[in-house]
Amino acid sequence: MILKHAQVVTPEGVKRLDIRIGEGKIAELSPEIAGEGLDCTGLTVFPGLIDMHVHLREPGFERKEDIGSGSRAAVKGGFTQICCMPNTDPVIDNKVVVSYVKARAKEVGLCKIHPIGAITEGQKGETLSKIGAMKGAGAVALSEDGKSVANAHLMANAMQYAADFGLKCLCHCEDAALTDGGVVHEGYYSTLTGLKGSLRAAEDIVIAREICLAESLGLPVHICHVSTYSGVELIREAKARGVQVTAETCPHYFILTDAAIANFDTDTKVNPPLREERDRLAVIEGLKDGTLDCIVSDHAPHHADDKNVEYGLAAFGISGLETSFALSYTALVRENGLTLPALTEKMSAAPARILGLQGGALAVGAPADLTVVNLGEKWTVDPATFLSKGKNTPFKGREVYGKVKITIVDGQIKYEEK
Ligand code: DOR
Ligand code: ZN
Ligand code: ZN
């Protein structure tokens, strides 16, 4: 297969190149390759997008999503590799469940799926899970996502064991005692709506703790879905001191604020909560200056029954795989001056580097994982068209730019817009 006349984006720059694919790998990259090919005039080719923070819900919550529907949503969203969080039932806390997810992913055969193992057994925060065995079965990281490991001593042990096995801990930062049942950010809009608020400090305290642990131990740590200006500042300062900290954020934190909760739409309910304009701007600044390394969707699909209830009772989460790229391109590149090479760094190269995955760049001999996009195409987010079972998005009705046309994994077309 040859892709012809495409604009090709790499972290180094944007070039007009033809791409020849052979045996699942990139066989040739050159301004002009002879032979018949797929005409990509007007289209842009990115190194396959990678989303390192996705909830696929299988096993246990297939009503919300399963590995098949989640994979279809991923490739429609342009993702060639995704990492799935362990808050399933049973929890992904042992090699059997890791192997199960890998086997199902292979049967589905769309994108590459890398399981993330739980830090503690059953995510109960009591006993470390069998980290080495999970690594052996293919886990690429550890996370307690959905909550933090409350006990700092246990977390320190987790970081050390993880490091022994070449894994990182991906930390959902939330002091549960301080959140205390809060469902939105504590501020003007929590007062206006009467919804129970949660302080920035609930997130920041644990970001600070994980940074302290990483610094004291001389080990790496990754901070999930940063939403506060103060959290961005903690990470910026830690990086300046040489702490091995990396961090991610999500489109909803750089596009929306808590003003979106005013109509009680439960699709705006997410954890950590949507915050204020000051936070939104700091998240954008953090992405621009490298404090925030990457963009993830935190794809958290829920069944309508879990969202069509009063705000306080609704599930936290946004179905994000099918909008993440367009939202990021629109908000960051079109509206905030981020370059295309910087976008591919945030959505492909950085996650690959953080987790030690192959990918993130286009080079001869590398797996042919490619995302082909029409950047000029404007479309409207309509959850009815989602392939994910989760239709829960606060972006419904929003106009965005950047339509994924083709997603190629190991040289095979896994999604093509009809
Ligand atoms: O909004 C969220 N949804 N935040 C989390 O931490 C967990 C996730 C989920 O699993 O639904
Ligand atoms: Zn989380
Ligand atoms: Zn999550």
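Indexing begins at 1, ligand by ligand and atom by atom, following the structure's order. Only a predicted model underlies this, so the values are computations on that prediction, with no experimental measurement involved.
- In D298, the N, O or S atom that comes nearest to the Zn ion (ligand 3) is OD1.
- Here I318 has no heavy atoms under 4.0 Å from ligand 1, in either its backbone or its side chain.
- Backbone or side-chain N, O or S atoms of H172 do not reach the Zn ion (ligand 3) at under 2.8 Å.
- Aromatic ring orientation, H53 versus H225: tilted (interplanar angle from 30° to 60°).
- Short contacts between ligand 1 and D145, defined as distances under 4.0 Å to a heavy atom of the residue, involve ligand atoms 6 (O).
- Closest heavy-atom approach to atom 7 (C) of ligand 1 within the set S148, G146, P272, S143: this belongs to G146.
- Taking the Zn ion (ligand 3) as reference, D145 places its N/O/S atom OD2 nearest.
- Residue-ligand proximity, H172 to ligand 1, at heavy-atom distances under 4.0 Å covers atoms 6 (O).
- Between the T385 side chain and the D382 main chain, a donor and an acceptor come within less than 3.5 Å of each other.
- For ligand 1, the atoms closer than 4.0 angstrom to any heavy atom of V270 are 1 (O).
- Judged by distance alone, the side chain of K269 and the main-chain N or O of A314 form a donor-acceptor pair under 3.5 Å.
- Closest to atom 3 (N) of ligand 1 among all protein heavy atoms lies F316 O, 3.1 Å.
- Side-chain atoms of K288 come within 3.5 Å of backbone N or O of N336 as a donor-acceptor pair.
- Ion pairing of D306 with R63 is present here, as a side-chain N (NZ or NE/NH1/NH2) and a carboxylate O approach within less than 4.0 Å.
- Looking only at N/O/S atoms, H55 comes nearest to the Zn ion (ligand 3) through NE2.
- Closest to atom 5 (C) of ligand 1, if we only count protein heavy atoms, is N271 O, 3.7 Å.
- A salt bridge does not link R57 to E62: none of the charged side-chain nitrogens sits closer than 4.0 Å to a carboxylate oxygen.
- Of the possible polar contacts, one joining the K307 side chain to the A315 backbone as a donor-acceptor pair under 3.5 Å is found.
- Under 4.0 Å from ligand 1, the heavy atoms of H302 that appear belong solely to its side chain.
- Each of the following atoms of ligand 1 lies closer than 4.0 Å to a heavy atom of H55: 8 (C), 10 (O).
- With ring centers used as reference points, F46 lies under 6.0 Å from F325.
- A cation-pi geometry, defined here as NZ or CZ lying under 6.0 Å from the six-membered ring centre and within 45° of its normal, holds between R278 and Y229.
- Given atom 11 (O) of ligand 1, the protein heavy atom at minimum distance is R57 NH2, 2.7 Å.
- When the Zn ion (ligand 2) is compared with the N/O/S atoms of H225, atom NE2 turns out nearest.
- The line from CZ of R398 to OG1 of T380 is 11.5 Å long, rounded to the nearest 0.5 Å.
- Put simply, no part of K147 is less than 4.0 Å from ligand 1, judged by heavy atoms.
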